[in-house]
Amino acid sequence: MPKKMRTFYIILILNFIASTMVFAGASDDQSLLGLEESDKPQKPAGMQAMRQNTQPNVRETLLGKLPKGYQIIPDSIKMSPDLRDVAYAAYSDETHNIIQFNNQTSPIYYAVQPNYPIFSPEKNRYAYIAYKNKDKVAIVVDGQTIDTPDNAGNFLFSPNGARYACRAQKNNQQYTIVDGIPGPTYKGIPIKDNFAFSDEGERFIYVALKNDSCVAVVDGREETSAFNFITSVRFSMDSTQYAYKARTEKKANGAEKWCVVQNGKAGKIYDRIFDLIFSYDSKHLAYTVINNKKLMLVFDGREMEPYDIVGLPVFSFDSKSFAYAYSENKKWYIIINDEKSSAFDQIYKFYFSPDSKRSAFFARTSDEWDCIVDGKKSVSFDKMVETFKFSPDSTRYVYAGVNEDGSQMIVDGIPGSVYKSVGEPYFSPDSKTLVYRAIRPEENKWITVLDNRESKKRYNGIGKYEFSPDSRHLAFPAFISINQTVMVVDGNEECADKNYKILGDPTFSPNGNYIVYHAMAAPENWHLVINGQVLPGAYGGFMKGTPIIFDSPTHFHTLGVKAGGEEFVLIDVDIPETLKLTSELKS
C-alpha cells in the first residue's frame, strides 16, 4: 500500500541553479487623444510582420487535471521519454486510488503499488500494478488490463520499449507474463539480478525454482541443467550471447562451489566468482574468480596467473584492448594486453580514451600520487582527486591534483595555476577548449578558468558548464547572491537585472543558435527563457529533472505544472530566427 501524502508539493527543478528573463514586449497601443481611428499613425505592413517574427510562438496543451477530491502522490509522477505525456497516482482516501494518464482516469483501485506508474524507454508506453481488492491485482499496460492474478510485481519494459515482462502469482505458484502471454508456473521466480531483456529487446531470460533447484529460462525455453542457485544473468551487447553464475554446491559449513554458464554450457568450477563482463563487441567474456584461496582473472575461459588480489577487468571501447589490476606481495600492477606496468603501492581507477588508443590510471608510490598516461608518469601530487578526463577526440587529457599549497589542473601534462580549490573540468565538443571553476588563494568566490585564462567576475557559486554542440558558445548558471542567479553566456550575464532565485541548467539548440532554461522568480512563479528573453506566461513549477527537448533547430518543448500543482501542461515553442545568439565564445 503506497504511503499517503496529504499535501502535494511542487517539486522544483534541476541541480542547484536556474534563471529567467523578463519578456520585453512593447505595447502596440498607439491611441492618441483627439484623433479619430483613421487619423492614427499606421505601421507599415512590413514592420508589423517584422515585430511578429521577433516573438516566440508559445502553445500550451493541458495534459490533464487532477480529478476533484483527489491528491497526487508526488513520488509517483512520471513523464514519457518524448516528454509529451504525464502519468501519476492519486488518492481520495485510504482505499480509493487512481492512475491518471494525461486526461484518462483509471478505475478506482483499493491501492496502487509503490513506484508505479512507469513509462517504457524510447516509446510512450506506460504500465502499472494496482490492487483491485486485498486478494487481486490488476496488471495494466497502455490502459488495458492484461491479467488479474493474486499478486504481481517487478514489471519490466525492454530497453527499446517494445516488449515487457512481469512476475505474477496464483495459488501460491509464480509465473512470468511476457508481452501479455503467461508462462509456466514454478515454485518461485527470484528476480534480483535474474530477470532481464537483452539490450535490443529481442531476448528475455529469467530464473525459476523447480524441484528444489534453479533453472534458467531463456527465450521461453527451460534449460536442461539445474543448479543449487543462479544469479547475475547477463546478455552481450549484440544479444547473441548470455551468461550467468551458477552455484553447484553449498556445504553445511558455508563453503560453496560456482561455475559460469555461457550460452547454456557450464564452465570450470571455482570457489567464488565475481562480476561477469562482456566486451563491447560481444566477442569476449571476462570475470574474476577465487580458486584455492587465490584470485585470478578468467578471459574467454583462459585462466590468467593467480595473485593475492585481482581487480575487475576493463575493456576498451573498440574491444581490442583489455586491462586489469592485481596485487602481489603488497605491490600493485596494471596488465594491459599482457603487458605489465611498474610496481606501485596502490592503484585507483583505469581509463581508456574514447578512441581506445590511449589509457590512464592513478597510482600511489609512498606518499605521492601519479597519473600514468600511456605508460608514462605525468605531474605528481600529494592527494588524488577523481577528475580525470580524456577529450572527446582523445588527443588531450586533464586531471586535478592537490598539494600542500593548493589545488591545480594538469592539462596535457602541464600544471596550471595553483588555487584554493578547483571544480570539475569540461572539454568542448571539438576538444579545443577547456573550462573549469576555481577559487583563487586568499579569496572565497569562484571564477571561471577558460583555456588557462581567468575571468574577472567572481561568483558565490557556479553551476555546470555547458558548451553548444558546435563549440561556439559556453553557458553556465552562477550565484550573485543567495537570492539572485544569472546565466552567463559567452561571458555576458543574462538576467542580471532580475532577482531570479533559481536558474535551470542551460539547453542549447542543435545548431547552437539558441539557449533555453527554466527560471524561478518566486515559489510557484516559474518562466522559460530563450537567449535572455522571457517567454510570456508563468508556471507553478517544473518537475525535478524535466528536460527541454529540441525537436528541430527552432522548436522545443517541455512539461510544466500550473500554479496549484493540479494541472500539467505541455509547452511547445517556435523560436524566430531573429533571436539567435550574436555573441561568440572567446578563449
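When every heavy atom of Pro117 is checked against every heavy atom of Tyr128, the shortest pair comes out as CA-CB, 4.0 Å. Minimum interatomic distance between Thr558 and Thr546 (heavy atoms only, all atoms of both residues): OG1-CG2, 3.4 Å. Between Trp332 and Asp345, the shortest heavy-atom distance links the atoms CD1-O, 3.4 Å. Here the shortest heavy-atom pairing between Ile515 and Pro506 reads CD1-CB, 3.3 Å. The nearest pair of heavy atoms linking Leu83 to Pro547 is CD2-O, 3.1 Å. A pairwise comparison of heavy atoms in Pro477 and Lys464 identifies CD-O, 3.7 Å as the closest pair.
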Q.
Walk me through whether Glu222 and Lys210 qualify under salt bridge (charged side-chain N to carboxylate O under 4.0 Å, His left out).
A. CA-CA 10 Å; Glu222 187 180 299; Lys210 182 180 180 180; 2.6 Å; yes
**Q.** Worked verdict on Val314 versus Tyr324 for side-chain contact (heavy atoms from CB on, under 4.5 Å)
**A.** CA-CA 6 Å; Val314 179; Tyr324 65 97; over 6 Å; no
Q. Tyr333 and Phe344: ring pair (Phe, Tyr, Trp, His ring centres under 6.0 Å), yes or no, with the steps?
A. CA-CA 6 Å; Tyr333 306 84; Phe344 302 96; 8.0 Å; no
Q: Evaluate side-chain contact (heavy atoms from CB on, under 4.5 Å) for Tyr131 paired with Asn151, printing each intermediate quantity in order.
A: CA-CA 8 Å; Tyr131 293 90; Asn151 211 339; 3.7 Å; yes
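Every pair passing salt bridge (charged side-chain N to carboxylate O under 4.0 Å, His left out) that includes a residue from residues 284-297 is listed here, sequence neighbours excluded: Lys294-Asp308, Lys294-Glu328. Sequence neighbours left out, the pairs with a member in residues 146-158 that pass salt bridge (charged side-chain N to carboxylate O under 4.0 Å, His left out) are Lys136-Asp150, Asp147-Lys170. Residue pairs satisfying the ring-ring contact (aromatic ring centres under 6.0 Å, His included) criterion with at least one member in residues 189-219, sequence neighbours excluded, are listed as follows: Phe195-Phe204, Phe197-Phe204, Phe204-Tyr206. For residues 238-248, the set of pairs meeting the salt bridge (charged side-chain N to carboxylate O under 4.0 Å, His left out) definition, not counting sequence neighbours, comprises Arg247-Glu256. Within the structure, ring-ring contact (aromatic ring centres under 6.0 Å, His included) pairs that include any residue of residues 255-298 comprise Tyr280-Phe317, His284-Phe299 (at least two apart or interchain). Among residue pairs with one or both ends in residues 146-166, those qualifying as ring-ring contact (aromatic ring centres under 6.0 Å, His included) are Phe155-Phe157, Phe155-Tyr164; sequence neighbours excluded. Pairs engaging residues 214-252 under the ring-ring contact (aromatic ring centres under 6.0 Å, His included) rule: none recorded [sequence neighbours left out].
Thr148 places no side-chain N or O within donor-acceptor distance of the main-chain N or O of Ala138, the cut-off being under 3.5 Å. Between the side chain of Ser353 and the backbone N or O of Arg358, at least one donor-acceptor pair lies under 3.5 Å. At distances below 3.5 Å, not a single donor-acceptor pair connects side-chain atoms of Ser316 with backbone N or O atoms of Ser356. The backbone N or O of Ser213 lies less than 3.5 Å from no partner atom in the side chain of Asn211, so there is not a single donor-acceptor pair. Of the possible donor and acceptor atoms, none in the side chain of Ser327 sits under 3.5 Å from a partner among the backbone N and O of Ile309. Judged by distance alone, the side chain of Gln241 and the main-chain N or O of Ala243 form no donor-acceptor pair under 3.5 Å. Proximity of a side-chain donor or acceptor of Lys78 to a complementary backbone N or O of Tyr88 within less than 3.5 Å is not detected. When atom types are taken as modelled, the side chain of His557 and the backbone of Asp82 share a donor-acceptor pair closer than 3.5 angstrom. Side-chain atoms of Ser236 never come within 3.5 Å of backbone atoms of Ser282 as a donor-acceptor pair (strictly under, hydrogens ignored). One N or O on the side chain of Asp374 and one on the backbone of Ser359 form a donor-acceptor pair closer than 3.5 Å.
Distance OG1/Thr240 to NZ/Lys283: 10.0 Å, rounded to 0.5 Å. Atom CD1 of residue Ile277 and atom CZ of residue Arg234 lie 9.0 Å apart, to the nearest 0.5 angstrom. Atoms OG1 and CD1, from Thr248 and Ile230 in turn, are 11.5 Å apart once rounded to the nearest 0.5 Å. The line from CD1 of Ile549 to NE2 of His555 is 10.0 Å long, rounded to the nearest 0.5 Å. In this structure, Met79 CE and Leu559 CG are separated by 6.5 Å, a value rounded to the nearest 0.5 Å. Annotation: the span from Asp85 atom CG to Gln104 atom CD amounts to 9.0 Å, rounded to 0.5 Å.
In this structure, the side-chain contact (heavy atoms from CB on, under 4.5 Å) partners of Pro354, at least two apart in sequence or on a different chain, are Phe390, Ser394. Checked against side-chain contact (heavy atoms from CB on, under 4.5 Å), Ser407 has the following partners two or more places apart in sequence or in another chain: Val402, Val422. Residues passing the side-chain contact (heavy atoms from CB on, under 4.5 Å) test with Asn160, sequence neighbours excluded: Glu122, Ser158, Ala162. For Gln408, the side-chain contact (heavy atoms from CB on, under 4.5 Å) partners two or more places apart in sequence, or in a different chain, are Asn403, Ile410, Pro415, Val418. By the side-chain hydrogen bond (donor to acceptor under 3.5 Å, both in side chains) test, Ser279 pairs with Asp281, sequence neighbours left out.
In the model, Ser378 has a side-chain atom that pairs as donor or acceptor with a side-chain atom of Tyr399 under 3.5 Å. Asn102 and Arg84 share no side-chain donor-acceptor pair at under 3.5 Å. Under the 3.5 Å distance criterion, with hydrogens and angles disregarded, a donor-acceptor pair is assigned to the side chains of Glu386 and Tyr348.
Ring-plane geometry between Phe381 and Phe362 is classed as perpendicular, the angle between the planes exceeding 60 degrees on a 0 to 90 degree scale with a lower cut at 30. In this structure, Phe352 and Phe350 have perpendicular ring planes: the angle between them is above 60°, well past the 30° mark.
Between Tyr326 and Tyr307, the ring center distance clears the sub-6.0 Å criterion.
By the 4.5 Å heavy-atom criterion applied to side chains, Cys371 and Phe361 are not counted as neighbours. Annotation: side chain of Tyr436 is not in contact with side chain of Val398 (no heavy-atom distance under 4.5 Å). Between Met304 and Val298, the closest side-chain pair of non-hydrogen atoms is not below 4.5 Å. Proximity of Asp212 to Lys187: side-chain heavy atoms (C-beta onward) are separated by under 4.5 Å at one or more points. Using a 4.5 Å heavy-atom threshold, the side chains of Leu285 and Val260 count as touching.
Taking a 6.0 Å sphere around CD of Glu305, one finds it holds 12 or fewer heavy atoms contributed by other residues, nucleotides or ligands. For Asn337, the CG atom sits in a packed shell: over 12 heavy atoms of surrounding residues, nucleotides or ligands are nearer than 6.0 Å.
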